[in-house]
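See below for the structure under consideration.
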Amino acid sequence: MGKALIIGAGGVAGVVVHKCCQNSYVYEEICIASRTVSKCDALKAKLNGGKTKITTAQVDANNVPELIALIERVKPDIVINVALPYQDLTIMDACLATKVDYVDTANYEPEDTAKFEYKWQWAYRERFKEAGITALLGSGFDPGVTSVFSAYAQKHYFDEIHSIDILDANAGDHGYPFATNFNPEINIREVTANGSYFENGKFIETEPMSIKSVYDFPQIGEKDIYLLHHEEMESLALNIKGIKKIRFWMTFGQSYLTHLKVLENVGMTSIEPIEFEGKQIVPLQFLKAVLPDPASLGPRTKGKTNIGCIFQGIKDGKPRTYYVYNVCDHQECYKEVGSQAISYTTGVPAMIGASMVMTGKWKRPGVFTIEEFDPDPFMDALNKFGLPWHEDFAPALID
Ligand SMILES: NC(=O)c1ccc[n+]([C@@H]2O[C@H](COP(=O)([O-])OP(=O)(O)OC[C@H]3O[C@@H](n4cnc5c(N)ncnc54)[C@H](OP(=O)(O)O)[C@@H]3O)[C@@H](O)[C@H]2O)c1
């Protein structure tokens with residue numbers, strides 16, 4: 001059917017490449033392009049020889065003319081951005097200039113401000129519409145599948161959804177005292193930022209990690225959960241009919257939180273540049289350099305993730321509750337694609353989202369978040385490509 005240009009060659013990109021090769025009917029050809037071309041070549045060496053033809057390229061995705069030249073040379077039908085959120089706008093600029101569809105998994109945030117919001121990418125709506133191309137934003141698990149779950153609940157089970165609790169549990173153990181499961185810089189920026197939740201038409205900010213609860217997760221058990229700000233709340237607040245409350249919860253173990261507190265207290269999580277031996281360095285970037293590479297956690301991580309949404313609302317005049325979730329096993333993911341479940345649960349939906357656009361099912365000019373499309377073909381694809389989901393109509397609720 002077509003050709004995708006995959007930008008980035010980290011943990012998530014590795015899964016995207018594996019999954020594109022499993023879906024060679026759609027992905028006849030892929031080009032893996034990133035800053036460090038040897039990582040692209042290593043992925044190619046692992047997967048070459050199947051039905052999907054693989055090429056590689058070096059690119060600095062902060063540089064729009066370089067990106068344009070690459071897109072003009074490769075001539076892809078779509079660009080899958082699995083580099084870092086800092087590159088979202090430059091890659092969108094290059095897609096606009098070349099009239100090629102765009103997909104990513106995380107919304108833009110400027111490097112010098114740890115605050116991710118859709119406003120920068122939503123500002124491209126008119127230009128993408130006029131160019132006749134699609135931008136699909138946030139096609140990972142959360143955001144991504146959590147938004148598909150929301151659209152599915154809205155379509156099939158509710159007349160009005162009044163509240164959504166998004167629950168992200170990782171019960172994986174990698175054996176290190178402290179490590180992050182995806183890019184440490186992005187991960188630590190996310191969890192040290194203020195929390196927030198949506199209630200009655202507005203967002204309420206909270207101190208980082210100040211709201212805690214406990215939830216007994218299917219197949220995982222009881223875990224401490226903490227309220228965080230997360231990007232899908234911003235678009236769900238606009239697109240889900242009748243919505244009054246949205247919260248996002250993530251599990252953290254005590255050891256992770258204690259390490260994080262110490263690192264924060266000594267200034268190691270700061271994104272303010274400092275002078276060190278005559279050089280400007282960003283403490284958080286230095287910390288990233290000394291922490292384990294998330295891609296190396298695959299063989300060591302044991303246990304499961306459980307990510308899903310609990311919806312409460314009304315159907316035919318009666319109250320209804322619905323929980324939909326996926327459970328993913330770190331070791332099973334490693335056996336299949338050589339990565340742990342965090343990269344897996346992000347890479348599979350990125351491949352599916354791009355295939356929705358490539359096959360025309362979700363092809364619409366403009367800039368969209370996932371819940372704006374028909375969820376059914378995506379839900380089918382989740383079952384087919386390794387992220388099966390489960391439903392519960394009487395789940396325990398979070399107070
Ligand atoms: N929605 C979700 O559920 C979800 C969950 C987890 C992660 N994510 C997102 O997924 C994305 C990838 O995460 P990851 O864990 O795979 O990160 P990663 O392992 O750090 O990989 C990032 C890749 O991007 C490349 N890159 C960085 N800057 C670049 C530039 N200027 N030009 C070209 N390539 C560049 C890196 O190149 P080098 O190899 O040279 O460093 C690396 O290969 C991130 O945006 C993250 O926020 C989304």
- Query: Donor-acceptor pair, Asn187 side chain versus Asn183 backbone, under 3.5 Å?
  - Reply: no

- Item | Close side-chain approach of Asp112 and Ile271, heavy atoms under 4.5 Å | no

- Query: Do Glu272 and Ser270 have side-chain N/O donor and acceptor atoms under 3.5 Å apart?
  - Reply: no

- Any pair with a residue in residues 198-212 that passes side chain to side chain donor-acceptor pair (under 3.5 Å), sequence neighbours left out, goes on the list, sorted by first then second residue, please. Asn194-Glu205

- Is the Tyr334 to His330 ring centre distance short of 6.0 Å? no

- Item | Enclosure of Tyr25 OH (heavy-atom neighbours >12, cutoff 6.0 Å) | no

- Start with the C-alpha distance between Ile307 and Leu167, add both sets of side-chain angles, then the distance that settles side chain to side chain contact (heavy atoms under 4.5 Å, CB included), and finish with yes or no. CA-CA 6 Å; Ile307 319 176; Leu167 289 157; over 6 Å; no

- Query: Do Lys53 and Glu28 meet the salt-bridge criterion of a basic N to acidic O distance under 4.0 Å?
  - Reply: no

- Query: Heavy-atom distance under 4.5 Å between the side chains of Glu185 and Gln285, does that happen here?
  - Reply: yes

- Query: Has Lys3 got more than 12 heavy atoms of other residues, nucleotides or ligands less than 6.0 Å from its NZ?
  - Reply: yes

- Item | Parallel, tilted or perpendicular, as decided by the 30° and 60° cut-offs, for the rings of Phe128 and Tyr124 | perpendicular

- Taking C-beta and beyond as the side chain, do Leu236 and Ile166 meet within less than 4.5 Å on heavy atoms? yes

- Message: For the OG atom of Ser150 and the CG atom of Asn239, what is their distance to the nearest 0.5 Å?
- Response: 10.0 Å

- Using the test ring pair (Phe, Tyr, Trp, His ring centres under 6.0 Å), find all partners of Tyr323 that sit at least two apart in sequence or belong to another chain. Tyr325

- Smallest heavy-atom separation, Ala341 atom then Asp329 atom, equals CB-C, 4.5 Å

- Can you measure from CG (Leu257) to CD (Glu264) and round to the nearest 0.5 angstrom? 10.0 Å

- Note on the structure: Sorted by chain and number, sequence neighbours left out, salt bridge (Lys or Arg N to Asp or Glu O under 4.0 Å) with Lys384 holds for none

- Note on the structure: Sorted by chain and number, sequence neighbours left out, ring pair (Phe, Tyr, Trp, His ring centres under 6.0 Å) with Tyr215 holds for Phe217

- CG on Leu67 to CE on Met92, rounded to 0.5 Å: 13.0 Å

- Task: Only pairs at least two apart or in different chains count here, so list each side chain to side chain donor-acceptor pair (under 3.5 Å) that has a residue in residues 305-321.
- Result: Ser163-Gln312

Under 3.5 Å, side-chain donor or acceptor atoms of residues 241-250 against the rest of the protein: list the pairs with distances, not counting sequence neighbours.
| residue | atom | partner | partner atom | Å |
| --- | --- | --- | --- | --- |
| Lys241 | NZ | Asp159 | O | 3.4 |
| Arg247 | NE | Asp165 | OD1 | 2.8 |
| Arg247 | NH1 | Asp399 | O | 3.4 |
| Arg247 | NH2 | Asp165 | OD1 | 3.3 |
| Arg247 | NH2 | Asp165 | OD2 | 3.1 |
| Arg247 | NH2 | Ile398 | O | 3.3 |
| Trp249 | NE1 | Asp165 | OD1 | 2.9 |

- Task: Please check if any side-chain donor atom of Asp104 sits under 3.5 Å from a side-chain acceptor atom of Tyr102, or the reverse.
- Result: yes

- Task: Identify the two heavy atoms, one from Pro365 and one from Gly132, that lie closest to each other, and give their separation to 0.1 Å.
- Result: CB-CA, 3.8 Å

- Task: Taking side chain to side chain contact (heavy atoms under 4.5 Å, CB included) as the test, write out the residues that go with Ser255, two or more places apart.
- Result: His259

- Begin with the C-alpha distance, continue with both residues' side-chain angles, and end with the deciding distance and a verdict on side chain to side chain contact (heavy atoms under 4.5 Å, CB included) for Met268 and Phe286. CA-CA 8 Å; Met268 282 307 298; Phe286 177 76; 3.6 Å; yes

- Item | Cys31 to Ala57 - nearest heavy-atom pair and separation | SG-CB, 4.2 Å

- Query: If every non-hydrogen atom of Ile133 is compared with every non-hydrogen atom of Cys95, which pair is closest and at what distance?
  - Reply: CD1-O, 3.6 Å

- NZ/NE/NH1/NH2 to OD/OE distance under 4.0 Å, Glu277 and Lys279: no

- Could you pull out the closest heavy-atom pair between Ala396 and Ile310, with the gap in Å? O-CD1, 3.6 Å

- Looking at Glu72 and Thr98, what are the two nearest heavy atoms and their distance? CG-CG2, 4.0 Å

- Sorted by first residue and then second, give each side chain to side chain donor-acceptor pair (under 3.5 Å) pair with at least one member in residues 30-51; sequence neighbours left out. Asp41-Thr56

With a 3.5 Å cut-off and sequence neighbours excluded, list the donor-acceptor pairs that the side chains of residues 137-149 form with protein atoms.
| residue | atom | partner | partner atom | Å |
| --- | --- | --- | --- | --- |
| Ser139 | OG | Pro349 | O | 2.9 |
| Thr146 | OG1 | Phe141 | O | 3.4 |
| Thr146 | OG1 | Glu232 | OE2 | 2.9 |

- Expected output: side-chain Tyr27 to main-chain Met351 donor-acceptor under 3.5 Å: yes

- Can any side-chain N or O of Thr134 pair as donor or acceptor with the backbone N or O of Asp101 at less than 3.5 Å? no

- Taking the side chain as every heavy atom from C-beta outward, state whether Tyr86 and Ile186 have any atom pair closer than 4.5 Å. yes

- Can you list every pair that meets side chain to side chain donor-acceptor pair (under 3.5 Å) and has a residue in residues 335-352, with sequence neighbours left out? Lys19-Glu336, Lys19-Tyr344, Gln22-Glu336, Glu332-Lys335, Glu336-Tyr344

- Item | Audit row: Ser235, Glu371, side chain to side chain contact (heavy atoms under 4.5 Å, CB included) steps and yes/no | CA-CA 8 Å; Ser235 66; Glu371 70 279 359; 2.9 Å; yes

- Item | Residue list, ring pair (Phe, Tyr, Trp, His ring centres under 6.0 Å) with Tyr118, at least two apart or on another chain | Trp122

- Message: Checking Asp374 against Lys155 for the salt bridge (Lys or Arg N to Asp or Glu O under 4.0 Å) test, could you report, in this order, the C-alpha distance in whole Å, the side-chain angles of both residues, the deciding distance, and whether it holds?
- Response: CA-CA 8 Å; Asp374 178 10; Lys155 179 173 174 183; 2.9 Å; yes

- Message: Just verifying a value: how many Å separate Leu287 CG and Leu291 CG, rounded to the nearest 0.5 Å?
- Response: 4.0 Å

- With a 4.5 Å limit on heavy-atom distance, are the side chains of Asp168 and Thr251 in contact? no

- Message: Measuring from atom CG of Leu260 to atom CZ of Phe178, what distance do you get when rounded to the nearest 0.5 angstrom?
- Response: 5.0 Å

- Output for pair (Ile6 CD1, Ile54 CD1), nearest 0.5 Å, gives 8.5 Å

- Go through the side-chain N and O atoms of Thr90 and Gln87 and say whether any donor and acceptor fall under 3.5 Å apart. no

What pairs of donor and acceptor atoms, side-chain ones from residues 385-395 against any protein atom, are under 3.5 angstrom apart with sequence neighbours left out?
| residue | atom | partner | partner atom | Å |
| --- | --- | --- | --- | --- |
| Trp389 | NE1 | Met379 | O | 3.0 |
| Trp389 | NE1 | Asn383 | OD1 | 3.4 |
| Glu391 | OE2 | Tyr157 | OH | 2.8 |
| Glu391 | OE2 | Tyr322 | OH | 2.6 |
| Asp392 | OD1 | Ala394 | N | 2.8 |

- Item | Residue pair Thr301, Asp173: steps toward the side chain to side chain contact (heavy atoms under 4.5 Å, CB included) verdict | CA-CA 5 Å; Thr301 309; Asp173 181 8; over 6 Å; no

- Query: Are Trp362 and Phe368 close enough that their ring centres sit under 6.0 Å apart?
  - Reply: no

